[in-house]
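See structure below.
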Amino acid sequence: MEVKLYNTMSRATEVFDPIEAGQAGIYTCGPTVYHHAHIGNMRAYVAADVLVRTLRLSGLNVKHVMNITDVGHLTSDEDEGDDKMEVGAAREGITAWDIAERYTVSFFEQSEKLNIKRPNIVCRATDHIAQQITMIEQLEEKGFAYKTDEAVYFDTTKIDDYGKLARLDLEGLRGGERVDLGAKHSKTDFALWKFSRGEKRQMEWDSPWGVGFPGWHIECSAMSAHYLGDQFDIHTGGIDHIPVHHTNEICQSECATGKAPFAKYWLHSEFLRLLDDIKMSKSSGDFLTVFELENRGYDPLAFRLLCLKAHYRTAMKFSWDVLDGAATQYRRMRLAVTALLDQGDADAVADTAADEATARYDTLIRSALYDDLATPVALTHLQAAIGDDTLSAAQKLSLVKTFDGVFGLSLMEPFVEESGSDAGEDVQAMLEARQQARKDKDWAEADRLREAIAAAGYVIVDTPDGPKLEAAKA
């Protein structure tokens, strides 16, 4: 059965044909570790995780590489503002190196809570300065780079297909480039190496052009080439990377190596859309993390399920009510599978491919996953199999065991519900008032009551019999 993926470069769904038979090389743009990753960021990493798991399910040997951006990403995705790591250091009164370590640890803690498998290789930009300098030298030797007092820039006017991934309107972009260009030759030119100015930076290195630090875009080009070669199979990231970061990666990589395409397939995840006036802003420090979901009483895997219920190329809607629904669905799935585990030995479950009774579901679920990672459809088929009275417990568990390897919901782990709470009358009254507010569509009052209930030490858990209160975890 063929795996098909939507390629942003071609704007079409294509059969996945790896460069080397039986192998798949994947590069994922990792986090800029100047602050906690928020749940919108984590949605993209869940999608990349599903891609890797699906390709492995199909029988491919996957080499997954992800970077850690710990220098060079300015507060603008282009060449403006301060380095985000330096901004983080000033915000928290510690070194930029400590900021990088703190939020790298945070990222992987959140990843672990979401059952995101650690990539085969995790590479830090600050550990690969030599590779980045080498690639800039290659670009300079081939006439694609020029030096100013501010930086070494890539000259985008030297190539005919700049912006092909984003299908940029270069004429429109460059229409007013005679104004405020600064030292750049063209508005679309971007920094390969920035020079330090004034006071000594915390993160800077010697280079053939002077003391400074690498641009954000050169980092991914140099590290992907170092670990996956000049050309590789799949590059993943969020849709926000298309017009600038990935566009610049492509042109500098293909010009440095003389080989195209840089990546054969480009997969991009859509944004998480906030509902009910929920807002997130890293600049203000007001954003939702997996840690916050846990503090509110949610299992992080309920959020993973919510991610799987939306196709990775569609906007994912988030509100507390939407997450409540996913939490209820997740609880029911865990209870149903635990009931099956009580009926037999999970370790003795046969492979689905060898069982004719489960072959139909196996085909349906694989077909969905192999059709551009259609997790909402695949989940529906798995739930149908769990509820199919014509299948035995062992047959159902064989399907769960196989495909939870992709879903990553820990369904084969026995689920024990925690005991309820002894909430007082005041808290119960707030719960009832919140239900009425929701019926009246008074979302602000409903959110206020949820916060008041949380402040009293309880969380709301949706059950088939209606919302219940449970004591919040310490």
Could you tell me whether a side-chain N or O of [X] sits under 3.5 Å from a main-chain N or O of [Y], the two making a donor and an acceptor?
X: Gln231; Y: Pro261; value: yes
X: Ser224; Y: Ser221; value: yes
X: Thr314; Y: Ala310; value: no
X: Gln110; Y: Ala37; value: yes
X: Arg273; Y: Ala315; value: no
X: Asn120; Y: His64; value: yes
X: Glu432; Y: Ala429; value: no

What I want to check is whether the side chains of [X] and [Y] have a donor and an acceptor closer together than 3.5 Å.
X: His36; Y: Ser106; result: yes
X: Gln383; Y: Gln329; result: yes
X: Asp321; Y: Ser319; result: no
X: Asn115; Y: Ser410; result: yes

Is the closest basic N to carboxylate O distance between [X] and [Y] below 4.0 Å?
X: Asp230; Y: Lys259; value: yes
X: Arg448; Y: Glu451; value: no
X: Asp404; Y: Arg304; value: no
X: Glu101; Y: Arg124; value: yes
X: Arg296; Y: Glu292; value: yes

Step through it carefully: locate the ring centre of [X], locate the ring centre of [Y], and say whether they are under 6.0 Å apart.
X: His35; Y: Tyr103; answer: yes
X: Phe16; Y: Tyr370; answer: no
X: Tyr227; Y: His128; answer: yes
X: Phe190; Y: His217; answer: yes
X: His246; Y: His235; answer: yes
X: Trp266; Y: Tyr27; answer: no

Is there a side-chain contact between [X] and [Y] (heavy atoms, below 4.5 Å)?
X: Val337; Y: Phe415; answer: no
X: Ser367; Y: Leu364; answer: no
X: His311; Y: Asp372; answer: yes
X: Leu449; Y: Met430; answer: yes
X: Glu219; Y: Gln132; answer: yes
X: Leu305; Y: Leu409; answer: yes
X: Phe287; Y: Leu274; answer: no
X: Thr28; Y: Val65; answer: no

Minimum-distance pair of heavy atoms, taken over all atoms of [X] and [Y]:
X: Val3; Y: Ser58; answer: CG2-CB, 3.8 Å
X: Phe154; Y: Gln252; answer: CE1-CA, 3.8 Å
X: Leu308; Y: Phe407; answer: CD1-O, 3.5 Å
X: Leu431; Y: Leu469; answer: CD2-CG, 3.8 Å
X: Val62; Y: Arg56; answer: O-NH2, 3.3 Å
X: Phe232; Y: Gly25; answer: CD1-O, 4.0 Å

Does the Lys NZ or Arg CZ of Arg118 fall within the cation-pi geometry relative to Phe108 - under 6.0 Å from the ring centre and within 45° of the axis?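 Yes - Arg118 lies over the ring of Phe108, closer than 6.0 Å to its centre and within 45° of its axis.
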
Could Arg313 and Tyr6 be counted as a cation-pi pair, given that NZ or CZ must be under 6.0 Å from the ring centre and within 45° of the axis?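 Yes - Arg313 lies over the ring of Tyr6, closer than 6.0 Å to its centre and within 45° of its axis.
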
[atom1] of [X] to [atom2] of [Y]: how many Å apart, nearest 0.5 Å?
X: Phe318; Y: Leu306; atom1: CZ; atom2: CG; result: 7.0 Å
X: Asp233; Y: Leu267; atom1: CG; atom2: CG; result: 11.5 Å
X: Asp70; Y: Thr126; atom1: CG; atom2: OG1; result: 3.5 Å
X: Thr402; Y: Leu57; atom1: OG1; atom2: CG; result: 7.5 Å
X: Arg438; Y: Glu445; atom1: CZ; atom2: CD; result: 13.5 Å
X: Gln23; Y: Lys63; atom1: CD; atom2: NZ; result: 10.0 Å

Quick one: side-chain hydrogen bond (donor to acceptor under 3.5 Å, both in side chains) partners of [X], sequence neighbours excluded?
X: Glu413; answer: none
X: Asp161; answer: Lys164
X: Asp83; answer: Arg201

Check against side-chain contact (heavy atoms from CB on, under 4.5 Å), Leu382 and Tyr361: CA-CA 7 Å; Leu382 180 61; Tyr361 285 111; over 6 Å; no

Using the salt bridge (Lys or Arg N to Asp or Glu O under 4.0 Å) rule, take Arg43 and Glu270 through it: C-alpha gap first, then chi angles, then the decisive distance, then the call. CA-CA 9 Å; Arg43 190 253 174 129; Glu270 251 285 2; 5.8 Å; no

CG of Asp440: more than 12 outside heavy atoms within 6.0 angstrom?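 Enclosed.
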
For Lys264, does the NZ atom sit with more than 12 other heavy atoms under 6.0 Å from it, leaving out its own atoms?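 Enclosed.
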
Are Leu114 and Ser111 close enough, and set up right, to give a side-chain contact (heavy atoms from CB on, under 4.5 Å), and what steps lead you there? CA-CA 5 Å; Leu114 291 173; Ser111 296; 5.9 Å; no

Please step through side-chain contact (heavy atoms from CB on, under 4.5 Å) for the pair Thr236 and Cys29, ending with a clear verdict. CA-CA 7 Å; Thr236 77; Cys29 277; over 6 Å; no

For the residue pair His73 and Trp216, does the interplanar ring angle fall in the parallel (under 30°), tilted (30 to 60°) or perpendicular (over 60°) class?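 His73 vs Trp216 ring planes: parallel.
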
For a side-chain contact (heavy atoms from CB on, under 4.5 Å) check, start with the C-alpha distance between Tyr298 and Val459, then their side-chain angles and the critical distance, and finish with the verdict. CA-CA 9 Å; Tyr298 293 100; Val459 294; over 6 Å; no

